[in-house]
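The structure under discussion appears below in the form of structure tokens.
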Amino acid sequence: MSFQCKHCGQCCIDECTQINISIGDIVRICRFLKCNVGDILPKIGIKPFGDPETANQYDYELGLNIPCEFRQGEKCTIYPARPLNCRIFPYFFLGNFANDRLKEVIDPSHKCISEGIEFTDEEKEKYKKYSEFIGKLIMKEARLTDQFYEKYNLKQSKIMPAYVFPADDPNDMMYTKEITKSKIKMAMSIMNPAPYANLKNQLQNFIMLAENSVVSADEINLKEKELLS
Ligand code: SF4
Ligand code: SF4
């Protein structure tokens, strides 16, 4: 059986989710909406992302406001140009984890697999290939986005004071989610906003130079159709 999105919207609105975006994502969204980066800046910004390699470290990078302000009703208003990190969910999990493990790795508030789904090996292989395609694009565009942070000296990380929060209880999803939300809020409050005072102009200038190296949404959508149909 194929994956069917239930349009619950949890992957777009759950405040525990942080959705990292690239310069390429911003270019594609602006092209799709026929607007300038300044027009979408109120819906994106610099956000804290937990560093997978250092406990309690947050790295500050470009991300979507969550709940995502591009979502209206049950719809993503920029769906054909949605960020790569939106595209890869939940296919990464569906393609890389056995069916009986999906309930462990996908938050149950996300209705992707709520009705219990047995994906065939063929389906799983398809989702794996698609997530690999998007994963490679994410890596490629991360390099370009890193060049942006480096050019304007925007790299910033902070270590969260470990004693502020009680230890996560991995057996209690709601408790863990509350802690995650508190950590994100705290990480936001300890960010130094000064380096980002000129973010709009920096993005505009960088995009003018880098725009031609960004893969188009049409090209991604074509490949998406080919890999997922
Ligand atoms: S950009 Fe679209 S798919 Fe991504 S979080 Fe926002 S509404 Fe959801
Ligand atoms: S959480 Fe899953 S079911 Fe819900 S909108 Fe996102 S992809 Fe669709």
Side-chain angles (χ1 to χ4, degrees), residues 9-51 57-89 134 137-158 180-181 183-221:
Q10 277 302 101
C11 56
C12 313
I13 62 169
D14 185 342
E15 287 168 281
C16 292
T17 310
Q18 292 291 90
I19 303 179
N20 192 299
I21 57 172
S22 66
I23 291 290
D25 290 323
I26 294 173
V27 168
R28 285 185 290 274
I29 295 169
C30 287
R31 281 178 188 155
F32 177 73
L33 294 175
K34 298 185 175 43
C35 70
N36 296 315
V37 70
D39 300 320
I40 64 164
L41 210 47
K43 296 181 178 178
I44 64 175
I46 299 294
K47 314 286 175 193
F49 293 90
D51 188 309
Q57 176 170 312
Y58 282 78
D59 303 325
Y60 295 84
E61 296 178 354
L62 288 160
L64 296 176
N65 290 354
I66 301 289
C68 179
E69 294 169 31
F70 290 110
R71 187 174 172 88
Q72 278 176 17
E74 284 196 342
K75 291 225 164 83
C76 170
T77 55
I78 54 166
Y79 192 78
R82 68 201 186 285
L84 297 174
N85 275 311
C86 301
R87 289 179 189 260
I88 206 168
F89 181 83
I134 297 294
L137 271 181
I138 289 174
M139 294 304 288
K140 185 172 168 230
E141 295 204 339
R143 285 197 287 278
L144 184 65
T145 312
D146 276 345
Q147 284 170 18
F148 168 70
Y149 298 133
E150 279 155 20
K151 181 173 168 71
Y152 296 107
N153 208 12
L154 298 178
K155 285 263 180 188
Q156 182 182 169
S157 299
K158 295 260 183 198
T180 303
K181 274 195 263 178
K183 282 183 174 174
I184 293 169
K185 271 194 198 138
M186 171 68 83
M188 203 63 213
S189 72
I190 60 173
M191 178 182 89
N192 173 13
Y196 314 112
N198 201 18
L199 188 62
K200 181 174 127 189
N201 290 338
Q202 289 161 339
L203 279 168
Q204 266 168 351
N205 292 340
F206 190 84
I207 283 171
M208 270 199 319
L209 298 173
E211 191 167 17
N212 290 339
S213 64
V214 170
V215 59
S216 72
D218 284 350
E219 210 176 311
I220 301 173
N221 290 333

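Shown here are the side chain to side chain donor-acceptor pair (under 3.5 Å) partners of Gln156, two or more places apart in sequence or in another chain: Tyr196. Every residue meeting the salt bridge (Lys or Arg N to Asp or Glu O under 4.0 Å) condition with Glu211, not counting sequence neighbours, appears here in chain and number order: Arg31. Evaluation of the side chain to side chain donor-acceptor pair (under 3.5 Å) rule for Lys158 yields no partner, not counting sequence neighbours. Judged as a side chain to side chain contact (heavy atoms under 4.5 Å, CB included), and not counting sequence neighbours, the contacts of Cys86 are Ile19, Leu64, Arg82, Pro83. Asp146 pairs by the salt bridge (Lys or Arg N to Asp or Glu O under 4.0 Å) definition with Lys155, not counting sequence neighbours. Every residue two or more places apart in sequence or in another chain that forms a side chain to side chain donor-acceptor pair (under 3.5 Å) with Asn221 is listed here: Arg87. Checked against salt bridge (Lys or Arg N to Asp or Glu O under 4.0 Å), Lys181 has the following partners two or more places apart in sequence or in another chain: Glu178. Partners of Tyr149 under the ring pair (Phe, Tyr, Trp, His ring centres under 6.0 Å) rule, at least two apart in sequence or in another chain, do not exist in this structure. Every residue two or more places apart in sequence or in another chain that forms a salt bridge (Lys or Arg N to Asp or Glu O under 4.0 Å) with Asp14 is listed here: Lys177. Every residue two or more places apart in sequence or in another chain was checked for a side chain to side chain donor-acceptor pair (under 3.5 Å) with Glu15, and none qualifies. Residues passing the ring pair (Phe, Tyr, Trp, His ring centres under 6.0 Å) test with Phe49: none are found, sequence neighbours excluded.
Atom NZ of residue Lys151 and atom CG of residue Leu209 lie 6.0 Å apart, to the nearest 0.5 angstrom. Atoms CD1 and CD1, from Ile21 and Ile138 in turn, are 12.5 Å apart once rounded to the nearest 0.5 Å. In this structure, CG in Asn65 is found 10.5 Å from CD1 in Ile40, a value given to the nearest 0.5 Å. Distance check: Ile46 CD1 to Asn192 CG gives 12.0 Å after rounding to the nearest 0.5 Å. Here the straight-line distance linking atom NZ of Lys140 with atom OG of Ser213 works out to 7.0 Å at 0.5 Å rounding. For the atom pair CD1 of Ile184 and SG of Cys16, the computed distance is 6.0 Å after rounding to the nearest 0.5 Å.
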Does the pair Ile134 and Phe89 meet the rule for a side chain to side chain contact (heavy atoms under 4.5 Å, CB included), with working shown?
-> CA-CA 10 Å; Ile134 297 294; Phe89 181 83; over 6 Å; no

Apply side chain to side chain contact (heavy atoms under 4.5 Å, CB included) to Phe148 and Ile207, showing your working.
-> CA-CA 9 Å; Phe148 168 70; Ile207 283 171; over 6 Å; no

Could you please spell out the steps behind the side chain to side chain contact (heavy atoms under 4.5 Å, CB included) verdict for Ile44 and Glu69?
-> CA-CA 9 Å; Ile44 64 175; Glu69 294 169 31; over 6 Å; no

Derivation of the side chain to side chain contact (heavy atoms under 4.5 Å, CB included) call for Phe206 and Thr145 | CA-CA 10 Å; Phe206 190 84; Thr145 312; over 6 Å; no

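Residue Tyr58 comes nearest to Gly50 through the heavy atom pair CD2-N, 3.6 Å, listed as atom of the first residue, atom of the second, then distance. Across Ala187 and Tyr60, no two heavy atoms sit closer than the pair O-OH, 2.5 Å. The two atoms that bring Gly38 and Lys200 nearest to each other are CA-CD, 3.8 Å, heavy atoms only. When all heavy atoms of Gly73 and Arg71 are compared, the pair lying nearest together is O-NE, 3.6 Å.
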Determine all donor-acceptor pairs shorter than 3.5 Å in which one atom belongs to a side chain in residues 22-30; sequence neighbours excluded.
from	atom 1	to	atom 2	distance (Å)
Ser22	OG	Gly24	N	3.3
Ser22	OG	Asp25	N	3.0
Ser22	OG	Asp25	OD2	3.2
Ser22	OG	Glu141	OE1	2.9
Asp25	OD1	Arg28	NH2	3.0
Asp25	OD1	Leu84	N	3.0
Asp25	OD2	Ser22	N	2.9
Arg28	NH1	Glu141	OE2	2.9
Arg28	NH1	Val215	O	3.0
Arg28	NH2	Glu141	OE1	2.8

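Asn201 has its side chain within reach of Gln204: a pair of non-hydrogen atoms, C-beta onward, lies under 4.5 Å apart.
Judged by distance alone, the side chain of Asn205 and the main-chain N or O of Gln202 form no donor-acceptor pair under 3.5 Å.
The closest side-chain donor-acceptor pair between Gln18 and Asn20, if any, does not fall under 3.5 angstrom.
Residue Asn153 places its CG atom among 12 or fewer non-hydrogen atoms of other residues, nucleotides or ligands, all under 6.0 Å distant.
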